[in-house]
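Beneath this line is the structure, given in structure tokens, with notes to follow.
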Protein chains: 2
Amino acid sequence: MSKILDTSNCKHCAYRSWAFNKLDQQALEKIDSHKTEVFYEKGEVICTEGEEVNSFLYLRKGLVKLLTTEKNEKEHIISIGKPLDFIGLLSIFSNSNHIYTITAIEDSVVCFVDLEVIKGLMRQNGKFALDFLEKSSRVADDVINTRISINTKQLRGRIAYILLFFANHIYNTSEYELPISRKELAQLIDMSTENVIRILSEFRKDKLIEIEGKLIRILDGQRLQRIYDLG
Amino acid sequence: MSKILDTSNCKHCAYRSWAFNKLDQQALEKIDSHKTEVFYEKGEVICTEGEEVNSFLYLRKGLVKLLTTEKNEKEHIISIGKPLDFIGLLSIFSNSNHIYTITAIEDSVVCFVDLEVIKGLMRQNGKFALDFLEKSSRVADDVINTRISINTKQLRGRIAYILLFFANHIYNTSEYELPISRKELAQLIDMSTENVIRILSEFRKDKLIEIEGKLIRILDGQRLQRIYDLG
DNA sequence: TATCATAACTGATATATATCATAGGGAGCT
DNA sequence: AGCTCCCTATGATATATATCAGTTATGATA
């Protein structure tokens, strides 16, 4: 079950020195007094598509997925959020309701800061606002570029991409526990579950990776990269 | 050929009252004195992938395409920019070099404002910065959502989407001149040129549209919408 | 006007990918 | 223990889409 955490340790939060480095002591204290830190177990929903947005939220620990449900009922995973990511993406500034559902795919800690407080600080402090704009732009660009490069590649290239993504951007190691099922992988890189499984098996037979359930061990990252590059 | 225009008519620019409505007279004059307005003929390149970013740019008249060239040499169109769009997208804030090439697909007028001037105004004026963040967030969201919904649909749905896109979002009429070739349509909605042509022909045979070269006349928008919705 | 290049188009075929069918394995539940 | 559900897995088949080949328009240029 999710539970609200004691927030007395905010002063040493890495996020603070990253995203809030343009704020003075007084502003930081204001944020501290308008925030809540919540622990979520793997699988729990953090916020739901359609819900009113009233917090700015960032991930302190764990891993989350952003997903959307199209009219045709199929779930699509937009992106994976990692610690220090501003997981609501930009939509919380343009939209009064969440356009994505966010779910913990590992035990996670999320900070909720009152959105009006953040906006108020931005209005007062243009440097903070600009700094935030620059940082969040990078996130938005990443999502766009990732979508394009996934969709212009065929299945082997997509699987190569996602394996390297977890190795290089999430876990920083060539051996890791996949945080999501094969079905979710499929939703993330736009392919059928069966083909995700099939191509993982091919890669195993080709000695590119080893698989033990959710455990992935990358044996030949360079060749994987080449498969991705070639499409 | 492109040519620099006289900019004496800035005071009545629609963009100004849209994007710059949080700025005072002095700030507006500063922008005026650091901007250049340039006319581009259809087909001319406005900025190139890799080039250094030193301007904030918005479209006053015409229509442009944003494209990127993947490693595999294929061009992909990211989005179509229309008047009042902030055509550099967010990347100009996160990246010191352009990540897209922008080309006029109709005779166009583009305003270049010194980016440092804009950033300076944002630092001074948090309300302006936040307002801009909210507006540009919407653009980024649109691009992301469009990419996802295109890629989760099959060919007929994609063609239906793009036909309705030009009708509803660009020209606001059910009869219009397509500003791009079939090949460019294909690059925009991720399919082969032949299939773009084929499905346009199917739609013509099905009495959904009429086609005369680049002229499109939508006969049954509701049915097109249904084709899009169903995928 | 003739010529060339490129775009639009169509049919036939190959390929990529999804879907269907089936089965074993593991987790949670009674 | 047995049951049920979902995940993983694999093969066979159907379908969607791209590619290849060839034809007809269209527009630019000399």
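Side-chain atoms are counted along with the backbone in the values below, which use heavy atoms only and exclude waters and symmetry mates. We name chains A, B, ... by the order of the sequence lines, and we start the count at 1 in each one.
Atom P of nucleotide C:dT22 and atom CD1 of A:Ile197 are separated by 18 Å, given to the nearest angstrom. To the nearest angstrom, P of D:dT8 lies 9 Å from CG of A:Leu178. With rounding to whole Å, B:Ile180 atom CD1 is found 10 Å from C:dA8 atom P. B:Arg158 places its CZ atom 13 Å from the P atom of D:dA16, with the value rounded to the nearest Å. Residue A:Lys153 contributes atom NZ, which lies 19 Å from atom C1' of D:dT17 at whole-angstrom precision. Between the P atom of D:dA18 and the CD1 atom of B:Ile159 lies a distance of 10 Å, rounded to the nearest Å. A straight line from CG of B:Leu215 to P of D:dA25 spans 19 Å, rounded to a whole angstrom. Summarising the geometry, the separation between CE on A:Met191 and P on C:dT15 is reported as 20 Å, rounded to the nearest angstrom.
Below the 3.5 angstrom threshold, one finds a donor paired with an acceptor across the side chain of B:Arg198 and the base of D:dT19. Taking only distance into account, the side chain of B:Glu194 never meets the base of C:dC9 through a donor-acceptor pair shorter than 3.5 Å.
Ranking D:dA9, D:dA18, C:dT17 by closeness to the A:Gln154 side chain, first place goes to C:dT17. In the set C:dT17, C:dT10, D:dA18, C:dT10 carries the atom at the smallest distance from any side-chain atom of B:Arg204. For A:Ser201, the side-chain atoms get nearest to D:dT10 when compared with the rest of D:dT10, D:dC7, D:dT17. Considering only the side chain of A:Ser181, D:dC7 comes nearest among D:dA9, D:dC7, C:dA18.
Note on A:Leu155: only backbone sugar-phosphate atoms sit closer than 4.0 angstrom, heavy atoms only; bases stay farther off.
Using a 4.0 Å cut-off, no side-chain N or O of B:Asn195 falls inside it from OP1 or OP2 of D:dT17. A:Thr193 has no side-chain polar atom (N or O) that falls below the 4.0 Å cut-off from OP1 or OP2 of D:dT8. When the side-chain nitrogen and oxygen atoms of A:Lys214 are compared with OP1 and OP2 of D:dC7, none of them lie within a distance under 4.0 Å.
If you check D:dA16 for Watson-Crick or wobble pairing at under 3.5 angstrom, you find it paired to C:dT15.
Here B:Glu37 pairs with B:Arg60 in a salt bridge; the nearest charged N to carboxylate O distance falls below 4.0 Å. B:Asp190 and B:Arg147 are joined by a salt bridge, as a carboxylate oxygen and a charged side-chain nitrogen come within less than 4.0 angstrom of each other. The residues B:Lys61 and B:Glu106 are annotated as not salt-bridged, no charged nitrogen and carboxylate oxygen being separated by less than 4.0 angstrom.
Partner B:Phe86 forms a ring-ring contact (aromatic ring centres under 6.0 Å, His included) with one of B:Tyr58, B:Tyr15, B:Phe132 and no other, that one being B:Phe132.
Under a 3.5 Å cut-off, the side chain of A:Ser108 and the backbone N or O of A:Leu63 do form a donor-acceptor pair.
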